[in-house]
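These notes concern the structure reproduced below.
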Amino acid sequence: MPDISSRRLTVAAAQMGPVARAEPRSRVVARLLAMMHEAHGRGAGLVVFPELALTTFFPRWFMEDGAELDAFYEAEMPGPGTQPLFDTAAALSVGFYLGYAELIREGGRRYNTSILVDRQGRIVGKYRKVHLPGHSEYEPARPWQHLEKRYFEVGDFGFPVWRTMGGVMGMALCNDRRWPETFRVMGMKGVELVMLGYNTPAANSLGPEPHHVRMLHNHLSMQAGAYQNGCWVIGTAKAGHEDGCDLMGGSCIIAPSGEIVAQAHTLEDEVVTYDCDLEEGRFNKQTIFDFAAHRRPEHYGIITAQAGATEPAGEDGATL
């Protein structure tokens, strides 16, 4: 193999313990700042916070009062309450990823959003969640609701990537990790590191599913995305018993080989770091997953032509 110089970036997955519904933004931001300082002390140049990091996971409740719902959203970013994150990032020369609920007051549009902030405290990228899970109407049979389809619109940015902090960076949110298209679209743009925050219940509200299987699926989807696209993946959880719902932890840093190289072991605020070499994904990109040499897009049309599956027409039939 040729001698390729490394491009090192120490990254931190800043897992959060539960955020209570009544917990003020100022206290949440103080927790984030404490983890940013800890990550900086370990040499991190990039900190990845969870999805909807500033609030409890509010889609578990059915709300019809607009003012009550608006309280969970950010109408500006940064705003007065979140400006300390940007100021501290610039002072420490640490970039960060932050998930939050975005409200566009003109038109009343709402998104499950993440931003990427560089080491100068500037927003260099924004992503809006594409794969919204759950449902849009109240379902009384559920022990808790999952109303993302009610409270958010489908993201309208697709899956962009940005060249910043010495590499090609991408973002995703929670359920996006379960869909291989998420990683492949960014992989086709040369992504080297994907940041992904999540809030995932430890149990399935629709029926029995072992906790260890849910954690397996959590890690499996991100490990596959890393391996099949030759990129690092930082998955950061909101964890612990939050307002009556247990959220899984398992925050982790995954190498382009698909291996988990660092993982949280609590359900609390916890910083996990790893010194990543962004060149490490080059091997996969130039061998088994050399897209230019081996992909066959002429046979993949069904992936973008339709959403649902097409089964054979009959016993002797074939799909289109």
| message | If hydrophobic clusters are built from ILVMFWY residues whose side chains come within less than 4.5 Å, do Phe159 and Val124 share one? | response | yes

| message | Taking the side chain as everything from C-beta on, heavy atoms only, tell me whether Met171 gets closer than 4.5 Å to Val194. | response | no

| said: Measuring only between side-chain heavy atoms, which start at C-beta, is Leu116 closer than 4.5 Å to Leu46? | reply: yes

| said: The criterion is side chain to side chain contact (heavy atoms under 4.5 Å, CB included); which residues satisfy it with Glu64, sequence neighbours excluded? | reply: Phe62, Arg150

| Going through the distances and angles, do Val130 and Thr182 end up as a side-chain contact (heavy atoms from CB on, under 4.5 Å)? | CA-CA 9 Å; Val130 168; Thr182 296; over 6 Å; no

| message | Using ring-ring contact (aromatic ring centres under 6.0 Å, His included), reason through Phe57 and Tyr151 one step at a time and then give a plain yes or no. | response | CA-CA 12 Å; Phe57 187 75; Tyr151 298 146; 9.6 Å; no

| said: Test side-chain contact (heavy atoms from CB on, under 4.5 Å) on Tyr198 and Met222; report intermediate values, then the result. | reply: CA-CA 12 Å; Tyr198 61 95; Met222 293 189 287; 4.2 Å; yes

Check [Y] with [X], please: is the shortest side-chain N to carboxylate O separation under 4.0 Å?
X: Arg31; Y: Glu23; value: yes
X: Asp156; Y: Arg128; value: yes
X: Arg21; Y: Asp243; value: no
X: Asp277; Y: Arg282; value: no
X: Glu74; Y: Arg25; value: yes

| task | Kindly indicate, with the supporting measurements, whether the criterion side-chain contact (heavy atoms from CB on, under 4.5 Å) is fulfilled by Leu9 and Met169. | result | CA-CA 12 Å; Leu9 176 64; Met169 310 289 185; 3.7 Å; yes

| note | On a heavy-atom basis, the closest approach of Gln223 and Glu259 is NE2-CA, 4.4 Å

| query | Judged by modelled atom types alone, do His146 and Glu148 share a side-chain donor-acceptor pair under 3.5 Å? | reply | yes

| Is it the case that Thr200 and Arg177 place a side-chain donor and acceptor less than 3.5 Å from each other? | yes

| Got a sec, which residues hit side-chain hydrogen bond (donor to acceptor under 3.5 Å, both in side chains) with Glu139, two or more places apart in sequence or on another chain? | Arg142

| said: A quick test of your reading: do over 12 heavy atoms of other residues, nucleotides or ligands sit less than 6.0 Å from CD of Glu106? | reply: no

| Listed partners of Trp179 passing ring-ring contact (aromatic ring centres under 6.0 Å, His included), at least two apart | His131

| query | Applying ring-ring contact (aromatic ring centres under 6.0 Å, His included), which residue pairs with at least one partner in residues 95-118 are found, sequence neighbours left out? | reply | Phe86-Phe96

| Which pairs count as ring-ring contact (aromatic ring centres under 6.0 Å, His included) when at least one residue sits in residues 220-246, sequence neighbours excluded? | Tyr227-Phe289, Trp232-Tyr274

| query | Excluding sequence neighbours, so at least two apart, what forms salt bridge (Lys or Arg N to Asp or Glu O under 4.0 Å) with Arg163? | reply | none

| said: Pair Leu85, Met36 - check side-chain contact (heavy atoms from CB on, under 4.5 Å), show working. | reply: CA-CA 9 Å; Leu85 290 168; Met36 187 182 291; 4.2 Å; yes

| Side-chain donor/acceptor of Thr88 to backbone N/O of Pro84, under 3.5 Å | yes

